[in-house]
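One is the number of the first residue; the rest follow in order along the sequence.
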Amino acid sequence: MKQTKMDLNLVVGANLKRAIKNSKWKTQARFAEAFGAEDRTVGRWCNQGIDKLSLIQQIADFLEI
């Protein structure tokens, strides 16, 4: 089960990275500033994923996806 959760986190991270690149912000740094998060935090989300559904929903709403 733990491996499956990690795999899903990586998928979420990869999708976030792609969504940011395709958004009007284009970079993780610009997205972080607009979203109100630290650059390092957004980088961690993209590389390690996000396991909190509420945060995923907030980001999706912010990106209008």
Any chance you could measure Leu55, atom CG, to Thr41, atom OG1, to the nearest 0.5 Å?
10.0 Å
Could you go step by step and tell me if Ile50 and Leu16 meet the side-chain contact (heavy atoms from CB on, under 4.5 Å) rule?
CA-CA 9 Å; Ile50 305 168; Leu16 175 58; 4.0 Å; yes
Separation between CD of Gln58 and NZ of Lys52, rounded to the nearest 0.5 Å
8.5 Å
Spacing of Phe35 atom CZ and Leu63 atom CG [to the nearest 0.5 Å]:
8.0 Å
Working for ring-ring contact (aromatic ring centres under 6.0 Å, His included), residues Trp25 and Phe62:
CA-CA 11 Å; Trp25 293 282; Phe62 187 81; 4.9 Å; yes
Quick check: are there more than 12 heavy atoms from other residues, nucleotides or ligands sitting under 6.0 Å from NZ of Lys21?
no
Take Lys17 and Asn47 through the side-chain contact (heavy atoms from CB on, under 4.5 Å) test and state the conclusion after the steps.
CA-CA 8 Å; Lys17 188 181 285 188; Asn47 293 317; 3.6 Å; yes
Rounding to 0.5 Å, atoms CZ (Arg30) and NZ (Lys24) come to a distance of 10.0 Å
Under the side-chain hydrogen bond (donor to acceptor under 3.5 Å, both in side chains) rule, collect the residues that match up with Glu64, sequence neighbours excluded.
none
Are Ile65 and Ile20 co-members of a hydrophobic cluster defined by side-chain heavy atoms under 4.5 Å apart?
yes
What distance do Cys46 atom SG and Arg44 atom CZ have between them, rounded to the nearest 0.5 Å?
11.0 Å
Say whether Trp45 and Val11 are linked into one hydrophobic cluster, either directly or through other cluster members, by side-chain heavy-atom distances under 4.5 angstrom.
no
